[in-house]
Undergrad: 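First, the structure itself, so that you have it in front of you.
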Amino acid sequence: CGSKKSIEIDHCGEYEFADIVKIWYKEDSHKESEVVESNEPVYGSWKFTSSDVLTSWRTIHQKYAKLQALCRICHAKKTYQ
């Protein structure tokens, strides 16, 4: 749509966010208990149980993620349709 308001980052390309999470759990043998939803007001924020877990996630995410900027409305449409 071209809007520059309320920009969010979207996972695009071959791997969506949920795919990357599954790869991480499988490749690095992490468990869901090592990641908890944050109480921060930011959508989709995670807290990690240790710096090693965070480093592992960052490595996998950097390897597989392709990102694009979308307005909040377009991001929601793409994500939830």
Undergrad: Working note: Gln68 + Lys78, criterion side chain to side chain contact (heavy atoms under 4.5 Å, CB included); need CA distance, chi angles, decisive distance, verdict.
TA: CA-CA 12 Å; Gln68 66 180 348; Lys78 179 182 177 283; 4.0 Å; yes
Undergrad: Nearest 0.5 Å, what's the OG1-CG distance between Thr59 and Asp28?
TA: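 Nearest 0.5 Å value for the OG1-CG distance: 8.0 Å.
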Undergrad: With side chain to side chain contact (heavy atoms under 4.5 Å, CB included) as the test, would you mind laying out the steps for Asp19 and Trp24 before giving the verdict?
TA: CA-CA 9 Å; Asp19 300 323; Trp24 180 57; over 6 Å; no
Undergrad: Would you give the length of the straight line joining atom NE2 of His61 to atom CZ of Phe17, rounded to the nearest 0.5 angstrom?
TA: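 Those atoms lie 6.0 Å apart.
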Undergrad: To the nearest 0.5 angstrom, please state how far the CZ atom of Arg72 sits from the OG1 atom of Thr79.
TA: 12.5 Å
Undergrad: Examine the side chains of His11 and Glu16 and answer whether a donor and an acceptor come within less than 3.5 Å of each other.
TA: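 Note: His11 and Glu16 side chains miss the donor-acceptor criterion.
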Undergrad: What pair of heavy atoms forms the shortest contact from Glu27 to Ile60, and how long is it?
TA: OE1-CD1, 3.3 Å
Undergrad: If every non-hydrogen atom of Leu70 is compared with every non-hydrogen atom of His75, which pair is closest and at what distance?
TA: CD1-CA, 3.9 Å
Undergrad: If I compare all heavy atoms of Leu67 with all of Cys12, which pair ends up nearest, and what's the gap?
TA: C-SG, 3.9 Å
Undergrad: Quick one: are Ser6 and Cys71 in side-chain contact, heavy atoms under 4.5 Å?
TA: no
Undergrad: Does some side-chain heavy atom of Trp57 sit less than 4.5 Å from a side-chain heavy atom of Ile20?
TA: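 Yes, side chains in contact.
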Undergrad: Within the distance-only criterion (no hydrogens, no angle test), does the side chain of Ser56 pair as donor or acceptor with the backbone N or O of Asp52 below 3.5 angstrom?
TA: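 Checked: no pair found.
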